[in-house]
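Chain naming here is simple, since letters A, B, ... match the order of the sequence lines and numbering starts at 1 in each. Since we're looking at a predicted model, the values are computed, not measured.
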Protein chains: 2
Amino acid sequence: MPTPDRTSLDEIVAAARELLELGDLTMQAVAERVGVQAPSLYKRVRSRDELVRMVADATLAELGLIEGDIYAVASAFRAFAHQRPAAFRLVMGGGVTASPHAIVAASQPILRAAGALAGAQNELVAARTFTAWANGFIAMELNSGFNLAGPVDDAWQYGLDRLVAAISAS
Amino acid sequence: MPTPDRTSLDEIVAAARELLELGDLTMQAVAERVGVQAPSLYKRVRSRDELVRMVADATLAELGLIEGDIYAVASAFRAFAHQRPAAFRLVMGGGVTASPHAIVAASQPILRAAGALAGAQNELVAARTFTAWANGFIAMELNSGFNLAGPVDDAWQYGLDRLVAAISAS
DNA sequence: ACCTGAACACCGTTCAAGT
DNA sequence: ACCTGAACACCGTTCAAGT
């Protein structure tokens with residue numbers, strides 16, 4: 001005699017994403033949010049690690065929706081990181097290997113914007129350089145790490161302008 | 001009647017640094033390495049979090065010893081990250097706030113190298129741009145994240161050359 | 001003063017038993 | 001087929017009792 005479903009994978013991942021930002025991504029907390037006991041989660045998720053990977057994939061999918069030129073992409077990227085710092089850290093530095101598909105999807109906006117600047121043959125390498133700088137800058141900023149004094153927004157603008165100049169096709 | 005010391009803070013931090021790279025930085029594992037029971041660690045360390053912060057500080061102190069021009073600093077930095085990926089992630093993305101003193105010490109090599117390129121008045125902002133790019137590049141590399149196909153070393157060299165050109169005083 | 005064993009709260013996970 | 005309570009191993013931390 002089947003019992004009716006009391007939750008779903010989507011609901012579980014959504015709860016996990018919220019709890020990640022609250023610094024409390026435990027199976028117990030997820031279970032409580034979706035109205036179920038912790039062991040029941042294992043009907044839909046193989047392990048906590050798999051759930052974390054799903055959160056990373058969902059985050060990357062969202063980043064893949066960004067549109068615009070390199071300035072638009074850069075500021076949307078940074079805004080996202082400020083709104084969801086834990087998710088940003090997860091996909092960025094967090095030692096979590098997201099699915100290849102999610103990684104490719106997330107790369108599209110930057111590839112397009114970088115290709116427009118650097119030309120098709122330098123698209124990939126330009127996108128990498130830009131992504132590395134943006135990710136690194138934001139990571140430092142979120143960490144308040146390498147906390148050299150001075151206005152952060154100016155440093156962002158300086159770096160962005162220099163990067164654009166350096167990457168643009170002669 | 002005092003018992004003789006069976007370990008020391010230095011030994012504990014050293015053990016923690018090794019275990020961090022092994023992905024097993026638990027109080028139990030540290031205690032076992034230094035030949036003591038886990039509760040005894042709390043005589044020298046307030047909490048596991050404090051121990052992790054000490055590991056971060058020790059890592060930053062080591063990075064502060066790097067010398068040379070921007071190419072030397074960049075490759076020493078990258079080599080360190082490859083040898084001690086977990087420590088790099090910790091100081092880079094890991095949501096751990098290292099002590100201000102350790103952060104300043106770690107920044108010196110890059111400030112010097114960037115200042116030589118960009119001139120004194122742009123030293124700070126140039127160092128930030130360079131550090132952001134290098135940190136971001138290495139983080140992506142360690143993650144095998146943003147895993148766009150192509151030779152990684154070429155992308156590193158391309159980015160480094162472009163960065164140097166972009167930062168150099170006209 | 002440092003060390004230990006016992007204990008506590010918490011966490012991820014398994015599993016038999018319910019419906 | 002999904003859900004639950006009970007249980008297990010593990011982890012960080014506290015504390016009274018030993019020397």
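- Whole-Å rounding puts the B:Met27 CE to C:dG5 P distance at 17 Å.
- Under the 4.5 Å side-chain heavy-atom criterion for Ile, Leu, Val, Met, Phe, Trp and Tyr, A:Phe88 and A:Leu65 are members of distinct hydrophobic clusters.
- Counting heavy-atom neighbours within 6.0 Å of A:Glu32 CD, excluding the residue itself, gives a total of 12 or less.
- Rounded to an integer number of Å, the gap from B:Arg44 CZ to D:dG12 C1' is 19 Å.
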**Fill in**
Read 5' to 3' with Watson-Crick or G-U pairs under 3.5 Å, [ ] for crossing pairs and | for partners on another strand, DNA chain C gives ||.|||||...|||||.||
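- Linking Ile, Leu, Val, Met, Phe, Trp and Tyr residues whenever their side-chain heavy atoms come within less than 4.5 Å leaves A:Leu25 and A:Met92 in two separate clusters.
- Applying the 3.5 Å distance criterion, the base of D:dC3 shares no donor-acceptor pair with the side chain of A:Ser40.
- The side chain of B:Asp5 approaches C:dC2 more closely than any other nucleotide in the set C:dC2, D:dC11, D:dC2.
- Comparing atom distances between the B:Asp24 side chain and each of D:dT13, D:dT4, D:dC11 picks out D:dC11 as nearest.
- One can place CD of A:Gln37 at 16 Å from C1' of C:dT19, the figure rounded to the nearest angstrom.
- A donor-acceptor pair is defined here as one N or O able to donate and one able to accept, closer than 3.5 Å; such a pair exists between the side chain of A:Ser107 and the backbone of A:Ile103.
- Closest approach to the B:Lys43 side chain among C:dC3, C:dC11, C:dG5 is made by C:dC3 (side chain taken as heavy atoms from C-beta onward).
- No salt bridge links B:Glu21 with B:Arg89; every basic N to acidic carboxylate O contact stays at or beyond 4.0 Å.
- Among the nucleotides C:dG12, D:dG12, D:dT13, the one closest to the side chain of B:Ala38 is D:dT13.
- No more than 12 heavy atoms of other residues, nucleotides or ligands lie within 6.0 Å of CD in B:Glu67, so this atom counts as exposed by the packing criterion.
- Comparing atom distances between the B:Arg48 side chain and each of D:dC3, D:dG12, C:dC3 picks out D:dG12 as nearest.
- For the OP1/OP2 pair of C:dT4 and a distance below 4.0 Å, the side-chain nitrogens and oxygens of B:Arg6 include at least one atom meeting the criterion.
- With rounding to whole Å, A:Tyr42 atom OH is found 12 Å from C:dC11 atom P.
- Salt-bridge formation is not detected for the pair A:Lys43/A:Asp5: no Lys NZ or Arg NE/NH1/NH2 atom is positioned less than 4.0 Å from an Asp or Glu carboxylate oxygen.
- When rounded to the nearest whole Å, the span between CG of A:Leu41 and P of D:dC3 equals 9 Å.
- Using a 4.0 Å cut-off, no side-chain N or O of A:Gln28 falls inside it from OP1 or OP2 of C:dC10.
- Counting atom types as modelled, B:Thr3 pairs no side-chain N or O with a base atom of C:dC3 as donor and acceptor under 3.5 Å.
- Protein atom CD1 of B:Ile12 is 12 Å distant from nucleotide atom C1' of C:dC3, rounded to whole Å.
- Distance B:Glu32 CD to D:dC10 C1': 14 Å, rounded to the nearest Å.
- Taking atom CG of residue B:Leu51 and atom C1' of nucleotide D:dT13, one finds them 14 Å apart after rounding to whole Å.
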